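The structure under discussion appears below in the form of structure tokens.
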Amino acid sequence: MGARWRGAFAYAAMTVAAAVMLPFAIPITVVVYAVVWLYTWTHDPRARTSLLRVLPLHPRRVYKCSRALWSGMMDGLGGPTIAIILSYLATKLSRSSRPQDTAVRDIKYGPLAKHRLDLFVPLGPQQKHQTEGTSLGQPSESEKFPILIIFPGYRWSKTKRARLYRPMAQTLCGDGMFVVLPRIGGVGASLEDILYDFHLTVQWVFENAVNFGGDPKRVHLLGYGAGAHLCTMYSLVVPLKTWYTQADRISPDAQLLASRSSDQCLRQWLKKIKRMPRPVAGLILVSGVFDIVGQRKYETERCIEHLSATSKTFASNKELEEAWSPSIILRCLRRRSAYIPAELFAHNVLLIHGKRDSTFVLGQSQRLFRELCEIDIPDVNMKIYANLRRVDPSIALLAPSSALAMSLLEDIRASVSLSIDQQDGPVGSPQGRRKDGDACETMAAQLYKTHTGQLFHAGSIVIINVGLPARGKTHGSRSLVRYMNWLGVKSKSFHMGQYRRRLYGTDISADYFDLGNEQMAQERMKAEDSCIEDIVEYLTNGGGQLAIFDASNLRAARRRQIYDRFEEGHIRPLFVEYICENDAIVEENIRKVKITSPDYVTMDAETAVNDFKARISHMEPYYETISDNDLSYIKLHNVGEHIEVNNIRGYLQSRVVFYMMNLHISGRTIYLARSGESSNEGSYKADAPLSETGHKYALNLRDAIMRCISERNNDVLAKTEVDISKRALKVWTSTHVKSYQTAEYFAHNDNVTVRRRMLLKGLNPGVCENLSLEEVKERFPDEYKSYLRDPYHHRYSLAESYHDVSVRLEPVILELERERDDILIIAPESALRCIYAYFAPEGLPDSLIPTLAFPRSIFVELTPTAYGCKERRIGINPGSSN
């Protein structure tokens with residue numbers, strides 16, 4: 001059946017259906033209204049006292065409520081909805097569907113059983129050719145897919161309704177997007193529970209989607225209805241936390257919202273978010289609600305205040321309504337003359353709304369659009385569908401060939417493509433746009449910068465890893481990339497596993513890793529060549545200076561081919577071989593790290609361990625250690641116990657060797673705690689001793705730290721039968737009197753040493769000592785404006801900047817990497833901010849570092865791992881929760 005005939009058939013069927021339904025409209029309205037009457041009588045206590053005014057028996061209320069119910073039904077079924085559904089069914093019946101995605105379902109993203117999501121990963125060209133039975137040569141797999149996380153509306157508590165969005169996800173996936181469809185909320189879930197699930201989903205995507213071929217630098221949130229509200233609130237968490245942090249320094253009673261109770265509701269919600277969310281590349285908000293106060297008034301006027309999901313969610317709590325209205329929050333930020341860096345928001349925002357929508361009126365999106373235009377977001381766009389009522393993407397995208405679907409797909413595609421022209425560094429940073437393919441890592445605050453982006457005039461080098469699996473290659477690569485990026489050397493690690501999964505998926509037998517299997521050799525070669533091409537592109541055209549080829553590279557002949565390929569491009573190769581003769585280290589690495597990879601998300605632990613060991617056994621017979629002395633190489637034995645170096649050339653290679661000498665994968669924990677309160681807290685030069693409150697804090701801190709270490713030791717002993725109670729605790733403190741007096745409480749504990757370090761001193765405020773921000777603004781207005789433009793690099797007269805503190809702390813960072821014992825750092829807040837920024841996942845933008853908060857009610861626990869750094873914030877006072 002041709003497309004023209006299918007369309008004609010669909011519209012004819014729609015006309016017939018409308019004619020059939022019309023005679024039943026009045027009786028249906030009467031029946032539904034009777035249900036409304038009974039519901040109101042049983043649920044509204046006011047019905048007992050003012051029956052005719054409250055119950056829907058009043059003629060005006062009858063008319064308004066009936067009209068609203070009918071409009072709501074037409075919102076769902078009006079326009080091209082029926083035609084699209086019939087066209088979708090006709091398409092399904094007329095042709096067999098071809099697979100356009102790799103669906104991975106029921107992946108766990110959180111601690112609860114309900115925390116599940118589905119992934120829809122686009123097939124690469126090679127997989128499509130194999131599916132269609134054609135061969136068009138070797139396709140390029142150098143591009144990662146943009147990520148689109150869909151948060152559907154229509155009653156958050158109905159998590160099973162997420163399945164209705166799978167056809168929509170498949171359509172978007174067929175358009176080249178990596179689609180994530182989570183299930184959030186649940187029966188009886190509160191609004192805070194829903195936001196908690198939301199944050200877990202986005203956090204999981206940032207940390208794991210890259211293993212399936214997604215690009216974490218291009219994460220977009222697509223929200224529909226209530227889901228659009230959730231997406232907007234998520235994007236406001238970082239700006240709100242930043243504003244409250246800055247405002248509290250001026251006045252502890254700072255208030256953002258007009259109502260004090262609403263402001264307290266907003267503050268309490270923000271305090272429950274322990275981990276700072278990462279800014280996303282963009283938001284796509286479809287038919288959303290962004291002003292809860294205005295929506296509640298609109299529903300009351302229509303006499304459906306007892307029926308709507310909005311009233312059930314907010315339970316007529318006016319304080320909560322204002323605190324959860326993004327339009328009101330943005331307006332208050334603007335009226336408070338708050339300076340919030342643009343990079344804290346999403347890089348681009350697209351709003352889509354139907355002009356005749358009667359559920360969430362067009363004014364909802366228009367108000368948010370006006371507020372967003374007042375902020376320096378690079379791209380804010382709004383698309384209004386003039387002839388449509390409610391724009392439902394789950395219905396519109398059922399038939400990709402329909403006019404509405406093609407228009408909607410074009411809008412979404414255009415919004416996603418804006419993030420390709422991201423900036424060099426974090427999304428939204430004010431350093432200028434970057435071209436597609438500039439695959440630089442997100443950097444923390446760099447110590448050194450040049451106009452070319454290249455440091456030490458060392459050219460470009462590639463580090464080629466060598467060694468069997470589970471020897472620490474990935475851990476070493478990620479740690480080196482983090483350190484080099486922090487120095488200012490643009491660096492990136494290219495993991496072979498990601499390219500293999502992108503080409504062939506996660507369901508691969510251990511035979512794939514048998515180097516003697518010639519049938520699999522061609523497939524392995526394709527994945528390796530794709531990775532090498534990306535490395536060359538990154539180092540020659542992408543602005544990178546150091547790349548790591550994170551693969552096994554066991555055969556000498558293949559290593560020589562790789563060496564020649566990079567030499568042709570004037571890229572200096574440096575081999576790093578990881579040798580581990582300690583079986584205990586290998587076993588621990590397999591169980592702690594490897595079985596959590598995407599290859600084993602559906603396997604139990606023991607099956608995954610056995611499968612991974614089978615991979616190693618297939619590769620061991622073909623392992624050839626490096627013996628060619630003409631090559632530049634480093635050999636690491638047991639990850640840091642012994643190191644061999646050969647033919648190292650240039651400063652940058654020497655810097656890599658220097659870092660590798662400090663590398664290890666031993667388990668350890670780093671604790672960050674603020675110094676106690678002094679008797680002259682505001683003065684830097686006075687260097688006053690601890691006050692009585694400061695001594696109480698120091699005592700509580702000691703008890704909390706030692707209790708935390710004891711609980712961890714017992715937990716490790718119970719799970720692994722390994723006793724780590726003899727691991728020492730080293731306390732590093734600044735030379736400030738209040739800092740080492742805080743540390744003195746630890747000196748009398750067994751297995752604890754205390755050491756003073758001058759480099760841990762706090763930021764010198766110079767002429768601004770003892771001045772509040774309001775006083776600085778009044779006395780030094782020009783300096784204050786410069787500070788607001790760049791709070792990380794700005795230096796007041798006779799003072800230090802945060803950049804100066806970071807440069808000063810470089811030796812401390814290196815020693816932290818070398819230490820194998822637990823470390824507790826007690827220092828002023830400014831020093832803790834710079835140390836924390838180094839270990840933060842994917843780095844932090846410059847502008848965020850001065851806003852990081854380390855209150856004296858908590859201490860921070862950092863646990864470095866192979867794939868990042870785990871963080872906990874633990875209460876100090878007895879009885880406080882983590």
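Everything quoted here is computed from the prediction, not taken from an experiment.
- Taking the side chain as every heavy atom from C-beta outward, Y244 and L266 approach each other to under 4.5 Å.
- For the pair F746/I826, a side-chain contact is recorded, criterion being any heavy-atom separation below 4.5 Å from C-beta on.
- Here E819 pairs with K730 in a salt bridge; the nearest charged N to carboxylate O distance falls below 4.0 Å.
- Judged by distance alone, with hydrogens and angles left aside, the side-chain atoms of T851 form a donor-acceptor pair with the main-chain N or O of L848 at under 3.5 Å.
- Note on R795 versus E783: no salt bridge recorded, every NZ/NE/NH1/NH2 to OD/OE distance being 4.0 Å or above.
- Between the side chain of Q268 and the main chain of C265, no donor-acceptor pair closer than 3.5 Å is present.
- One side chain, R655 or Y483, offers a donor N or O that lies under 3.5 Å from an acceptor on the other.
- Looking at every heavy atom in both residues, D821 comes nearest to A728 through CB-O, 3.4 Å.
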Quiz item: Is there a side chain to side chain contact (heavy atoms under 4.5 Å, CB included) between T863 and R872 once you walk through the steps?
Solution: CA-CA 9 Å; T863 307; R872 284 203 308 161; over 6 Å; no

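- Within a 6.0 Å sphere centred on CZ of R260, heavy atoms belonging to other residues, nucleotides or ligands number more than 12.
- A 4.5 Å side-chain heavy-atom check between Y538 and K490 finds at least one atom pair inside the cut-off.
- For the atom pair L283 CG and Y234 OH, the distance stands at 10.0 Å (nearest 0.5 Å).
- Within the cation-pi definition used here (under 6.0 Å to the ring centroid, within 45° of the axis), R702 does not qualify as a partner of Y745.
- Atom-to-atom distance recorded for C708:SG and F859:CZ is 4.5 Å, nearest 0.5 angstrom.
- A donor-acceptor distance shorter than 3.5 angstrom exists from the side chain of R856 to the backbone of S675, with no hydrogens or angles considered.
- In the model, S327 has no side-chain atom that pairs as donor or acceptor with a side-chain atom of E371 under 3.5 Å.
- A donor-acceptor pair under 3.5 Å is formed between the side chain of N662 and the backbone N or O of F658.
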Practice problem: Determine, stepwise, if the pair S683 / E769 fulfils side-chain hydrogen bond (donor to acceptor under 3.5 Å, both in side chains). | Solution: CA-CA 6 Å; S683 176; E769 184 178 8; 2.9 Å; yes

Self-check item: Step-by-step side chain to side chain contact (heavy atoms under 4.5 Å, CB included) determination, L771 to F780
Solution: CA-CA 11 Å; L771 298 182; F780 312 105; 4.0 Å; yes

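- To the nearest 0.5 angstrom, L701 atom CG is 11.0 Å from I874 atom CD1.
- At distances below 3.5 Å, at least one donor-acceptor pair connects side-chain atoms of N751 with backbone N or O atoms of R727.
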Practice problem: Go through L256 and L240 one step at a time and tell me if the side chain to side chain contact (heavy atoms under 4.5 Å, CB included) criterion holds. | Solution: CA-CA 9 Å; L256 176 63; L240 285 171; 3.5 Å; yes

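- Between T733 and T742 there is no side-chain heavy-atom pair separated by less than 4.5 Å.
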Exercise. Determine, step by step, whether I273 and K241 satisfy the side chain to side chain contact (heavy atoms under 4.5 Å, CB included) criterion, reporting the C-alpha distance in whole Å, the side-chain angles of both residues, the deciding distance to 0.1 Å, and the verdict.
Key: CA-CA 10 Å; I273 303 174; K241 278 180 167 285; 4.1 Å; yes

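- Taking every heavy atom of both residues into account, A837 and I849 meet most closely at CB-CD1, 3.6 Å.
- With S857 contributing its side chain and P855 its backbone, the two residues share no donor-acceptor pair below 3.5 Å.
- Listed for the Y697 side chain is a donor-acceptor partner under 3.5 Å among the backbone atoms of R674.
- Under the 3.5 Å distance criterion, the side-chain polar atoms of Q255 are matched with a main-chain donor or acceptor of A258.
- Contact annotation: the side chain of K761 approaches that of Y684 to within less than 4.5 Å [non-hydrogen atoms, C-beta and beyond].
- Between L759 and P811 there is a side-chain heavy-atom pair separated by less than 4.5 Å.
- L809 CG to L814 CG: the interatomic distance, rounded to the nearest 0.5 Å, is 11.5 Å.
- Closest approach of F206 to P216, counting heavy atoms only: CE2-O, 3.3 Å.
- Scanning all heavy atoms of the two residues, the minimum distance from A673 to L824 falls at CB-CD1, 4.1 Å.
- Ring orientation note: the planes of F854 and Y836 are nearly perpendicular, at an angle over 60° on the 30°/60° scale.
- No more than 12 heavy atoms of other residues, nucleotides or ligands sit less than 6.0 Å from atom CE of M661.
- Annotation: the span from Q741 atom CD to H736 atom NE2 amounts to 13.0 Å, rounded to 0.5 Å.
- Although no hydrogens or angles enter the test, the distance criterion places a donor-acceptor pair under 3.5 Å between the side chain of E800 and the main chain of N764.
- For the side-chain contact (heavy atoms from CB on, under 4.5 Å) with V860, the lone residue among I825, I835, L832, L672 that qualifies is L672.
- Checked for salt-bridge contact, R808 and D804 miss the test: no charged N lies under 4.0 Å from a carboxylate O.
- With a 4.5 Å cut-off on side-chain heavy atoms, R789 and H794 do not count as touching.
- Figure legend: R757 and Y740 shown without cation-pi pairing, the cationic atom not lying both under 6.0 angstrom from the six-membered ring centre and within 45 degrees of its axis.
- I648 is listed as a side-chain neighbour of L574, based on a closest heavy-atom distance under 4.5 Å.
- Across all non-hydrogen atoms, the minimal contact from E861 to T669 is CG-CG2, 3.4 Å.
- The number of heavy atoms from other shown groups lying within 6.0 Å of CD (E778) does not exceed 12.
- Here the straight-line distance linking atom CG of L368 with atom CD1 of I328 works out to 11.5 Å at 0.5 Å rounding.
- Contact detail for L372 and V380: the closest heavy-atom pair is CB-CG1, 4.0 Å.
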